[in-house]
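Keep in mind it's a predicted model, so treat the numbers as computed, not measured.
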Amino acid sequence: MKSMTRVTLLLVLCAGVIYLAGCGGGGGTAQPEDIATGAINAIKGENFTALYNYGPQWARDAQPKETEVRKWRAKEKWDLWKDFKKRFDGDGNLDPKNKSGITESEEKWMGASDAQRTAVLMGLYRIYNNEEWEKRLKEGDWYLDGRDVKLDIEGQGRATFTYRNRYNDTITVVCTRENALWSLGNVTVEMPKDMPKKPKDE
């Protein structure tokens, strides 16, 4: 069983954080604001895996070959689960409280969907390690604090949307444009572990 699991490791022992690989609709909208709005609502609703559907088509197309490569690396022991597991545990790591439910063991990780693994690798489950995370995430009155859209030649582009709440936590959504369609590139949540303290009024 152990050797079989190693053989079936796919796109999990990557050296860096994987970008969102599209599934279903595969992302692609005419306006980046639609993706940004969908992303912020998904995070506020703790539906981290919903972000996966906003990913680019090229990533989904590349998936079969990457899967093949990851299987080979696991089988030949270039990548080991015990090393990869270190990225999940402990304060500041990707899933410090195993809130995702998939990082406890190699078997659970491999039994998860691509969307679930992607959400973990993006660091979204770090939210649960923060003080009063639920109050900050769900009652923070998030608003659009910054917007930067840049178009390039031949239908390319990049857009960044920054949302801020009443506690000065931020969520940054990066969208990319290719062939006149926008898709999700990455999401970053900045939420310090300690709840901000009010200044003393003296």
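Side-chain polar atoms of S100 and D95 form a donor-acceptor pair below 3.5 angstrom. D89 and N93 share no side-chain donor-acceptor pair at under 3.5 Å. Residues T103 and N98 bring a donor and an acceptor atom of their side chains to less than 3.5 Å of each other.
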Worked verdict on F161 versus E33 for side-chain contact (heavy atoms from CB on, under 4.5 Å): CA-CA 8 Å; F161 299 86; E33 291 87 347; 3.9 Å; yes
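A pairwise comparison of heavy atoms in K138 and K44 identifies NZ-O, 3.1 Å as the closest pair. Across every non-hydrogen atom of P32 and C175, the tightest pair is O-SG, 3.9 Å. What you find for L181 and A30 is that their closest heavy atoms are CD2-N, 4.4 Å. A42 and L51 make their closest contact through CB-CD2, 3.8 Å (heavy atoms, listed as atom of the first residue, atom of the second, distance). The two residues G140 and Y167 come nearest to each other via the heavy atoms CA-CE1, 4.3 Å. The two atoms that bring F48 and I43 nearest to each other are CE2-O, 3.8 Å, heavy atoms only.
Residues R136 and N165 have side chains in contact (heavy-atom distance under 4.5 Å, counting atoms from C-beta outward). Side-chain contact between E178 and Q156 is present, with at least one heavy-atom pair separated by less than 4.5 Å. Annotation: side chain of Y54 is not in contact with side chain of W182 (no heavy-atom distance under 4.5 Å). I127 is listed as a side-chain neighbour of M191, based on a closest heavy-atom distance under 4.5 Å.
Remark: E139 CD to R166 CZ distance equals 7.0 Å, nearest 0.5 Å. To the nearest 0.5 Å, atom CD of residue E132 and atom CG of residue D194 are 10.5 Å apart. Going from atom NZ of K77 over to atom CG of D79 covers 13.0 Å, rounded to the nearest 0.5 Å. In this structure, CZ on F88 lies 7.0 Å from CD1 on I102, to the nearest 0.5 angstrom. Going from atom CG of N130 over to atom NZ of K135 covers 14.5 Å, rounded to the nearest 0.5 Å. Here the CZ-CG distance, from R177 to D152, works out to 10.5 Å after rounding to the nearest 0.5 Å.
Of the residues V173, T29, T176, the one that meets the side chain to side chain contact (heavy atoms under 4.5 Å, CB included) test with L184 is V173.
Hydrophobic clustering (ILVMFWY, side-chain heavy atoms < 4.5 Å, transitive): I35 and Y143 are in distinct clusters. The hydrophobic clustering, which links ILVMFWY residues whose side-chain heavy atoms are closer than 4.5 Å, places V187 and V149 together. W142 and L124 fall within the same hydrophobic cluster, defined by Ile, Leu, Val, Met, Phe, Trp and Tyr side-chain heavy atoms under 4.5 Å apart, directly or through other members.
Every residue meeting the ring pair (Phe, Tyr, Trp, His ring centres under 6.0 Å) condition with W133, not counting sequence neighbours, appears here in chain and number order: Y128. Listed by chain and residue number, nothing satisfies the ring pair (Phe, Tyr, Trp, His ring centres under 6.0 Å) test with Y163 (two or more places apart in sequence, or in another chain).
Remark: the backbone N or O of G146 is not paired with any side-chain donor or acceptor of R164 at under 3.5 angstrom. Of the possible donor and acceptor atoms, one in the side chain of N41 sits under 3.5 Å from a partner among the backbone N and O of T37. R87 contributes no side-chain N or O that, together with a main-chain N or O of L94, makes up a donor-acceptor pair within less than 3.5 Å. Proximity of a side-chain donor or acceptor of D169 to a complementary backbone N or O of L137 within less than 3.5 Å is not detected.
Ring pair W109/F84 is perpendicular by interplanar angle, where above 60° counts as perpendicular and below 30° as parallel.
The number of heavy atoms from other shown groups lying within 6.0 Å of NZ (K197) is above 12.
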